[in-house]
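The chains referred to below are lettered A, B, ... by the order of the sequence lines, with proteins before strands, and numbering in each begins at 1. The figures that follow rest on heavy atoms only: side chains count, while hydrogens, waters and symmetry mates do not.
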Number of protein chains: 2
Amino acid sequence: MKKPGRTISLDPAAVCKSSDPMAVRELLTKIGDKWSIFLILSLDLLGGRARFSELERAVPGISQRMLSMTLKNLERDGLVIRELFPEVPPRVEYEITDLGKSLLQPTQGLVDWAKANWERVRKAQAKYDSE
Amino acid sequence: MKKPGRTISLDPAAVCKSSDPMAVRELLTKIGDKWSIFLILSLDLLGGRARFSELERAVPGISQRMLSMTLKNLERDGLVIRELFPEVPPRVEYEITDLGKSLLQPTQGLVDWAKANWERVRKAQAKYDSE
DNA sequence: CTGCATCCGTCGGGATACTG
DNA sequence: CAGTATCCCGACGGATGCAG
């Protein structure tokens with residue numbers, strides 16, 4: 001699994017001053033994908049632990065494929081833990097880790113911002129589109 | 001507008017209903033794209049105001065096409081203001097709005113999280129990949 | 001200088017079918 | 001139940017060229 005993709009080099013003097021921008025971008029790319037946030041939030045709301053089918057129901061519209069893929073990525077990042085119970089029928093439970101929980105907090109900041117300002121954004125869009 | 005705040009309900013259907021998830025997702029999709037965050041941060045670092053070519057230099061690797069497109073979207077969302085000076089050669093300046101600045105703050109939460117925890121994520125990935 | 005237009009490769013992600 | 005395997009399409013985004 002080797003995927004560099006590091007074709008661009010950011011100028012440390014400019015953007016990199018405040019932080020490591022690549023990490024930020026990778027993070028945003030990660031949680032900015034279509035389902036990650038919902039799964040993290042859902043897991044939290046479900047008590048920090050849920051099985052595959054529960055998550056499937058908790059996030060309407062998600063396909064099995066994307067649920068499986070996204071969970072695998074979250075597991076790889078250490079944000080959730082996958083536990084397989086060798087039963088028949090099989091049961092798999094996903095649990096949010098402390099690292100995952102810690103991400104929940106800054107995420108909440110964005111959620112709050114969205115709730116507080118989304119109306120303004122919508123209005124700005126409407127105004128822009130009408131001109 | 002329905003907004004039950006952060007209702008802790010274990011009802012799976014309520015998971016995605018709390019805190020208007022679509023707005024959250026749209027926001028994340030927006031700022032989670034490849035360049036928006038960098039432009040917002042760069043604009044801030046450049047004093048809240050900069051011209052096209054400055055931004056192009058401030059964000060190495062961005063193409064003119066994406067710079068133009070991203071700025072247009074940010075303008076449409078009311079996060080930046082575009083000002084055209086009818087000179088020869090033409091000059092265009094972009095200024096971050098108050099709304100844009102307000103977004104900067106919750107974003108900083110993610111930046112801080114990335115700085116604080118990215119190493120852990122990397123290690124989790126390395127461990128996962130080695131298994 | 002500041003874009004827009006066009007071409008084009010890559011990739012996320014949906015639909016569907018199949019497996020242990 | 002909990003996935004994996006394929007197919008497929010549209011969106012993202014880079015490179016280049018043209019325009020005001």
Looking only at side-chain N and O atoms, does B:Gln108 offer a donor or acceptor that is under 3.5 Å from a partner on B:Asp112? yes
Relative to the ring of B:Trp113, is the ring of B:Trp118 parallel (under 30°), tilted (30 to 60°) or perpendicular (over 60°)? perpendicular
Is there a donor N/O on one and an acceptor N/O on the other, under 3.5 Å, for the side chain of B:Arg65 and the base of C:dT2? no
May I have the distance from [X] (atom [atom1]) to [N] (atom [atom2]), rounded to whole angstrom?
X: A:Leu84; N: C:dG20; atom1: CG; atom2: C1'; answer: 12 Å
X: B:Arg57; N: C:dC1; atom1: CZ; atom2: C1'; answer: 11 Å
X: B:Tyr94; N: C:dT2; atom1: OH; atom2: C1'; answer: 8 Å
X: B:Glu75; N: C:dC4; atom1: CD; atom2: C1'; answer: 15 Å
X: A:Gln64; N: C:dG13; atom1: CD; atom2: P; answer: 17 Å
X: A:Arg51; N: D:dG3; atom1: CZ; atom2: P; answer: 10 Å
X: B:Met69; N: D:dA11; atom1: CE; atom2: C1'; answer: 10 Å
X: B:Phe85; N: D:dG20; atom1: CZ; atom2: C1'; answer: 18 Å

Below the 4.0 Å mark, does D:dG14 have OP1 or OP2 next to a side-chain nitrogen or oxygen of B:Ser63? yes
Whether A:Ser68 contacts D:dA2 is assessed here as follows: a side-chain N or O lying under 4.0 Å from the phosphate OP1 or OP2. Is that the case? no
State plainly whether the residues A:Glu54 and A:Arg49 are in salt-bridge range, i.e. N to O under 4.0 Å. no
Below 4.0 angstrom, N of the basic side chain to O of the carboxylate: do A:Glu26 and B:Arg122 qualify? yes
On DNA chain D, check which nucleotide each of A:Lys72 and A:Pro90 is closest to and give me the residue with the more 5' one. A:Pro90
Given DNA chain C, 5'-ward residue of the pair A:Gly32 and B:Phe52, judged by closest heavy atom: B:Phe52
